[in-house]
Amino acid sequence: MTQPLDQPVALVTGSTSGIGEAIARRLAGDGFLVVVHSGSSVETGERLAAELGGRYLQADLSDADAALATVGAALADLGRLDVLVNNAGVSRPIPHADLAAATPQEWRDVLEVNLISPFALATAAAPYLRESRGCVVNVTSHAGVRPKGSSIPYAASKAGLNHVTRLLAAALGPEVRVNAVAPGLVDTPLTADWTAAQELWRERSPMRRAATPADVAGLVADLAASDYLTGEVVVLDGGLNLL
Ligand code: NAD
């Protein structure tokens, strides 16, 4: 193991695009050395890491055993971790009534990336987070709180991660805090053509708009900065769940 860093370190999974990139930029602005992560966009990740003065880590989260080993080795090399943001996720739209389309393989694919790998990364991170009295922030979804979302496997994976958030908060306190942000619709390239959802948020949500990636990043930064909040799932949907 190399000499541990003086600067606080944040690992943000899936941070070469969308919400993860905004979180990486925000935490770098807040003084963290950010480890930018992706499964495949290596060049983009290396470029962003260089721009933010951070590091880059490639790890495919569709194999949680391999991800546990890769991330474990990277953390041993860094020697320090203060914040783990489990942001990476997969979402393939499947109408909820089309049960046959949500095949067992689809379930396995979604659960591996959205639920099992975040737990594996928390496992790899826990010794370092105990040492730094750090925290985990999971990016889940309002679909894990209400019966909504792009598919039933996706919604169930996010509901599972919401509960893992509470279970880990109970298991890892008092040294490590664990919270989740559960966004509603967020304007990212992924949702650019989700016109029905955009209309719903514009016309019916109390805030009359979808969230921006910066809205999510701001809440992640606030949760990371707290000294006391743990075990909470904060729904960030502009108030749509009130209706
Ligand atoms: P995105 O597609 O831009 O980001 C997803 C990230 O996850 C990408 O960087 C991708 O490379 C990474 N990823 C996916 N599969 C991976 C794998 N096998 N290994 C490693 N990395 C992998 O989408 P986004 O909208 O920025 O989503 C970020 C998170 O926010 C996701 O967990 C998503 O479920 C959640 N979310 C998004 C919205 C929204 O409206 N955009 C709403 C609620 C929750």
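Start at 1 and go down the list; that is how both ligands and their atoms are numbered.
Between N87 and ligand 1, at least one N/O pair is under 3.5 Å apart. Inclusion of D60 in the set of residues having an N or O under 3.5 Å from an N or O of ligand 1 is warranted. Taking distance alone, with nitrogen or oxygen atoms compared against 3.5 Å, S15 stays at or beyond that limit from ligand 1. Residue L190 places no N or O, backbone or side chain, under 3.5 Å from any N or O of ligand 1. For ligand 1, one of its N or O atoms has an N or O atom of I19 under 3.5 Å away. Geometrically, ligand 1 and P183 share no nitrogen or oxygen pair separated by less than 3.5 Å. Between Y154 and ligand 1, an N or O atom pair is found at a separation short of 3.5 Å. Ligand 1 has no N or O atom lying under 3.5 Å from any N or O atom of L185, backbone or side chain. On a distance-only criterion, V90 and ligand 1 share no N/O pair closer than 3.5 Å.
Near S141, meaning under 4.0 Å from one of its heavy atoms, ligand 1 places the atoms 43 (C), 44 (C). Using a 4.0 Å cut-off to heavy atoms of H37, the atoms of ligand 1 that qualify are 20 (C), 21 (N).
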Please report, to 0.1 Å, the donor-acceptor pairs under 3.5 Å made by any side chain of residues 42-57, with sequence neighbours excluded.
from, atom 1, to, atom 2, distance (Å)
E51, OE1, R25, NH2, 3.4
E51, OE2, R25, NH1, 2.6
Y56, OH, S38, OG, 2.7

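Atom 44 (C) of ligand 1 has T140 O, 3.1 Å as its closest protein atom, hydrogens excluded (heavy atom only).
Shown here, atom 32 (O) of ligand 1 is in close reach of the protein: a heavy atom of it lies under 4.0 Å off.
Shown here are the salt bridge (Lys or Arg N to Asp or Glu O under 4.0 Å) partners of E106, two or more places apart in sequence or in another chain: R92.
Every heavy atom of A182 sits 4.0 Å or more from the atoms of ligand 1.
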